[in-house]
There are 2 protein chains.
Amino acid sequence: MPRAGLTTAAVVDAAAALANEIGLPNLTLALLAERLGVRSPSLYRHVNGLPELLHQLALRGVDGLAGAMAGTSGLPALANAYREYAVANPACYAASQRADPRLDEAATRALAPIFALIASYGIPDTGRVHAARIIRSALHGFVSLETTGGFGLPDKLDDTFALLISALETGLQSAPEHTRHQ
Amino acid sequence: MPRAGLTTAAVVDAAAALANEIGLPNLTLALLAERLGVRSPSLYRHVNGLPELLHQLALRGVDGLAGAMAGTSGLPALANAYREYAVANPACYAASQRADPRLDEAATRALAPIFALIASYGIPDTGRVHAARIIRSALHGFVSLETTGGFGLPDKLDDTFALLISALETGLQSAPEHTRHQ
DNA sequence: TGACGAAAGCTAATGATGTTAGCTAACCTC
DNA sequence: GAGGTTAGCTAACATCATTAGCTTTCGTCA
């Protein structure tokens, strides 16, 4: 019997692809093993169980998001990069949204482009955390609803997203006055 | 052996309470049965399996959200009602966000207050679907991040939410011009 | 080239879960 | 108080994650 020649990276790759196809909640080690032409206990040579595999997918999601946003400049470019990554990798994106202390470091890195953007808006220090949360809320909310089919008909979603971005820009520019109030 | 005296409503109630405590993904029929002092097969007398139970929770979430928003007037009141319901019932809220054709009717009802609000903003017909999606994105994004612990420290989250609402109002008021473009 | 050791993948087995089938006894009704 | 309905039970099965331990492949080094 020939070997499958798996590696940790190959297993996580396959898991990401499979989860993106069938949805993260439907990802099972049994399915993944079948897809890889292997029995499920064999996966434990490369990945330390399902929770660990999910953590790897989450890491991939956070890093992928960070990489997608890293090169951008301006809110529209950043927002489009965020959305494109999430739509192309819905399972990794979903995995990355689970709270996990081991993700903190990568998450901070992923947030850097957002904070850089905020700084360029001239928002005072005291308002930056708020601004970052607002941007994340808008982007995550839209992307989450889009990838889970939460919007009814996906008609003209691109237009909605463009409007969301411009509303966000307008809203953020009006924010500094408010943030000084607290 | 005395009977537990369960009903469908009691089972769903307990499931909602339990799921709100331990998180929707951790809800299991075995745990629910234990909580109710009953063996898990007995639950099938009242609920047709786990998927059906999750559907009931989703229905509860949608209806609860609709009820919370129904009496409000103005975006801040609507937004606060939305957030309060979701924070108080995180599992039902999470369940309600799964795409499910059987939820469409209730979902449409739940969206009515949002469309009523939008109409009062004087946004033209062509922009209302966009505006509704934008409001849902902002609210769902914030609430989703809050309830899953997605924001790091929950410090001053109330302030962030207030700022999100005012940014949303500002952004929406600037939207009509854009919506006419399409 | 050939032996040796690490480790990839296997089978067997265990415990948790959801689910179905069928039994029994508690309750409601007449 | 008798009889039927049905709530809750036990037994059983399929699927899953996971562990233990065996086998055999493969790289390495004499």
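Letters A, B, ... mirror the listed sequences (proteins, then strands); counts begin at 1. Heavy-atom basis, side chains included; hydrogens, waters and symmetry copies ignored.
Taking atom CD of Glu34(A) as the reference point, atom C1' of dA17(D) lies 16 Å away to the nearest angstrom. Separating the CG atom of Leu29(A) from the C1' atom of dA17(D) is a distance of 7 Å, rounded to the nearest angstrom. Atom CG of Leu31(B) is separated from atom P of dA16(C) by 12 Å (rounded to the nearest Å). The distance between atom CG of Leu32(A) and atom P of dT18(D), rounded to the nearest whole Å, is 12 Å. Between the OH atom of Tyr44(A) and the P atom of dT18(D) there is a distance of 3 Å, given to the nearest Å.
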Applying side chain to side chain contact (heavy atoms under 4.5 Å, CB included), run through Leu163(B) and Arg133(A) and close with a yes or a no. CA-CA 10 Å; Leu163(B) 287 165; Arg133(A) 288 172 176 167; over 6 Å; no
Does the pair Arg60(A) and Asn89(A) meet the rule for a side chain to side chain contact (heavy atoms under 4.5 Å, CB included), with working shown? CA-CA 10 Å; Arg60(A) 227 164 240 243; Asn89(A) 306 277; over 6 Å; no
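Contacts between residues 6-28 of chain A and DNA chain C, defined by a heavy-atom separation under 4.0 Å, are made by Leu6(A). Shown for residues 45-52 of chain B: residues whose heavy atoms fall under 4.0 angstrom of DNA chain D, namely Arg45(B), His46(B). Near DNA chain D, defined here as any heavy-atom distance below 4.0 Å, there are no residues from residues 53-60 of chain A.
The hydrophobic cluster containing Leu6(A) also includes Val11(A), Val12(A), Leu18(A), Ile22(A), Leu24(A), Leu27(A), Leu29(A), Leu31(A), Leu32(A), Leu36(A), Val38(A), Leu43(A), Tyr44(A), Val47(A), Leu50(A), Leu53(A), Leu54(A), Leu57(A), under a criterion of side-chain heavy atoms closer than 4.5 Å among ILVMFWY residues, counted directly or through chains of members.
Screening residues 75-99 of chain B for salt bridge (charged side-chain N to carboxylate O under 4.0 Å, His left out) gives Arg83(B)-Glu146(B), Arg83(B)-Asp158(B) as the qualifying pairs, with residues at least two apart or on separate chains.
Legend: residues meeting side-chain hydrogen bond (donor to acceptor under 3.5 Å, both in side chains) with Asp155(B), ordered by chain and number and at least two apart, are absent.
The 5' end of DNA chain D is approached more closely, in terms of each residue's nearest nucleotide, by Arg39(B) than by the other of Arg39(B) and Pro41(A).
Checking side-chain atoms of Arg136(A) against main-chain N and O of Gly150(B) turns up a donor-acceptor pair under 3.5 Å. Judged purely by atom type and a 3.5 angstrom limit, Ser144(A) has no side-chain atom pairing as donor or acceptor with the backbone of Gly141(A).
Taking the centre of each ring, Tyr93(A) and Tyr82(A) come in below the 6.0 Å mark.
Annotation: side chain of Arg39(A) is not in contact with side chain of Glu34(A) (no heavy-atom distance under 4.5 Å).
A sub-4.0 Å separation between OP1 or OP2 of dC9(D) and a side-chain N or O of Ser42(B) is present.
A donor-acceptor pair shorter than 3.5 Å cannot be found between the side chains of Thr8(B) and His46(B). A donor atom on one side chain and an acceptor atom on the other are not found under 3.5 Å apart for Glu169(A) and Gln173(A).
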